[in-house]
Amino acid sequence: MKIGIIDHKELRVYQLAFNAAMTIFDLTTNFPAEERYALSDHIRRSSRSICANLAEAWRKRRYEAAFLGKLSDCEAEAAETQTWLDFAINCQYISPEKGEQLYMTDLQLRDIIFHLGEYQDILGLKQQ
């Protein structure tokens with residue numbers, strides 16, 4: 001008998017989002033002190049929120065509207081994270097290369113999240 005994904009932490013998209021959030025956390029520890037409650041806080045929160053919303057989406061997968069709503073929240077948080085990355089790059093808190101790497105990771109996340117909603121049947125997320 002084949003056992004599918006049991007926990008949200010097994011989802012590749014969750015792992016990618018979690019690793020990106022941890023990278024962002026590490027980078028923001030070097031931001032200036034005056035950004036502690038501004039840019040650092042915002043980018044940390046939005047990147048972590050992607051993971052939290054993916055976990056919630058997974059738990060709500062039996063209910064299509066709730067599942068898709070949480071995926072939409074994930075996409076929005078990924079877009080917000082990209083905006084904060086733009087500020088961090090322009091303020092020269094992170095290198096353009098590192099910013100581009102994280103930006104591309106967020107684009108990849110948004111693409112995967114978008115397609116999760118399209119492939120509910122294949123993933124076994126829709127009730128029969």
Side-chain angles (χ1 to χ4, degrees):
M1 174 168 70
K2 183 179 177 183
I3 297 176
I5 294 173
I6 296 171
D7 189 70
H8 65 274
K9 292 179 182 179
E10 297 175 60
L11 296 168
R12 177 69 185 119
V13 66
Y14 177 87
Q15 295 165 4
L16 185 64
F18 188 87
N19 290 336
M22 292 306 299
T23 299
I24 286 170
F25 175 82
D26 289 340
L27 288 171
T28 57
T29 60
N30 296 318
F31 283 15
E34 65 266 14
E35 291 290 4
R36 181 171 294 126
Y37 301 109
L39 184 56
S40 295
D41 187 53
H42 287 299
I43 195 169
R44 286 177 181 177
R45 286 175 186 256
S46 63
S47 65
R48 290 172 178 169
S49 186
I50 299 166
C51 298
N53 281 302
L54 282 167
E56 288 184 53
W58 182 251
R59 293 292 174 216
K60 294 182 177 188
R61 66 191 181 275
R62 290 176 194 86
Y63 311 101
E64 184 176 6
F67 176 71
L68 294 176
K70 281 297 169 184
L71 291 183
S72 178
D73 291 345
C74 291
E75 285 183 273
E77 294 296 340
E80 181 180 343
T81 300
Q82 288 176 326
T83 301
W84 296 127
L85 284 171
D86 288 339
F87 280 105
I89 293 165
N90 285 333
C91 292
Q92 300 179 347
Y93 298 151
I94 60 175
S95 70
E97 297 78 24
K98 192 58 163 177
E100 180 67 19
Q101 178 186 2
L102 287 166
Y103 197 88
M104 294 308 293
T105 299
D106 266 15
L107 281 177
Q108 183 181 11
L109 282 170
R110 285 173 52 198
D111 188 52
I112 294 168
I113 291 164
F114 177 79
H115 291 307
L116 273 178
E118 293 179 352
Y119 296 107
Q120 292 179 76
D121 291 328
I122 295 169
L123 293 168
L125 299 177
K126 272 193 177 177
Q127 285 185 316
Q128 302 299 326

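R45 contributes atom CZ, which lies 12.0 Å from atom OG of S40 (distance to the nearest 0.5 angstrom). Rounding to the nearest 0.5 angstrom, the gap separating the CD atom in E34 from the CZ atom in R36 is 9.5 Å. Considering NZ of K70 and CD of E56, their distance stands at 3.5 Å, rounded to 0.5 Å. Atom CD of Q82 and atom CG of L107 lie 4.5 Å apart (nearest 0.5 Å). To the nearest 0.5 Å, the span separating CD on E80 from CD1 on I50 amounts to 9.0 Å.
Transitive grouping of hydrophobic side chains (ILVMFWY, heavy atoms separated by less than 4.5 Å) keeps L109 and Y103 in distinct clusters. Residues L16 and M22 share a hydrophobic cluster, clusters being chains of Ile/Leu/Val/Met/Phe/Trp/Tyr side chains in contact below 4.5 Å.
Judged by distance alone, with hydrogens and angles left aside, the side-chain atoms of E10 form a donor-acceptor pair with the main-chain N or O of D7 at under 3.5 Å. Side chain of S47 to backbone of T81: no donor-acceptor contact under 3.5 angstrom is found. Remark: side-chain polar atoms of R61 are paired, donor with acceptor, to backbone N or O of W58 under 3.5 angstrom.
Annotation: side-chain hydrogen bond (donor to acceptor under 3.5 Å, both in side chains) contacts involving residues 13-31, sequence neighbours excluded, comprise T28-R44.
Taking Ile, Leu, Val, Met, Phe, Trp and Tyr as hydrophobic and joining them when side-chain heavy atoms fall under 4.5 Å apart, one finds L102 in a cluster with I24, L27, F31, L39, I43, W84, L85, F87, I89, Y93, I94.
Inter-residue side-chain proximity for R48 and F25 is flagged as met; some heavy-atom pair is nearer than 4.5 Å. Counting heavy atoms from C-beta on, the side chains of N53 and L71 never come closer than 4.5 Å.
When all heavy atoms are compared, the tightest approach of A78 to D106 is O-OD2, 3.1 Å.
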*Check the pair L11 / L54 against side chain to side chain contact (heavy atoms under 4.5 Å, CB included), numbers first and verdict last.*
CA-CA 9 Å; L11 296 168; L54 282 167; 5.6 Å; no

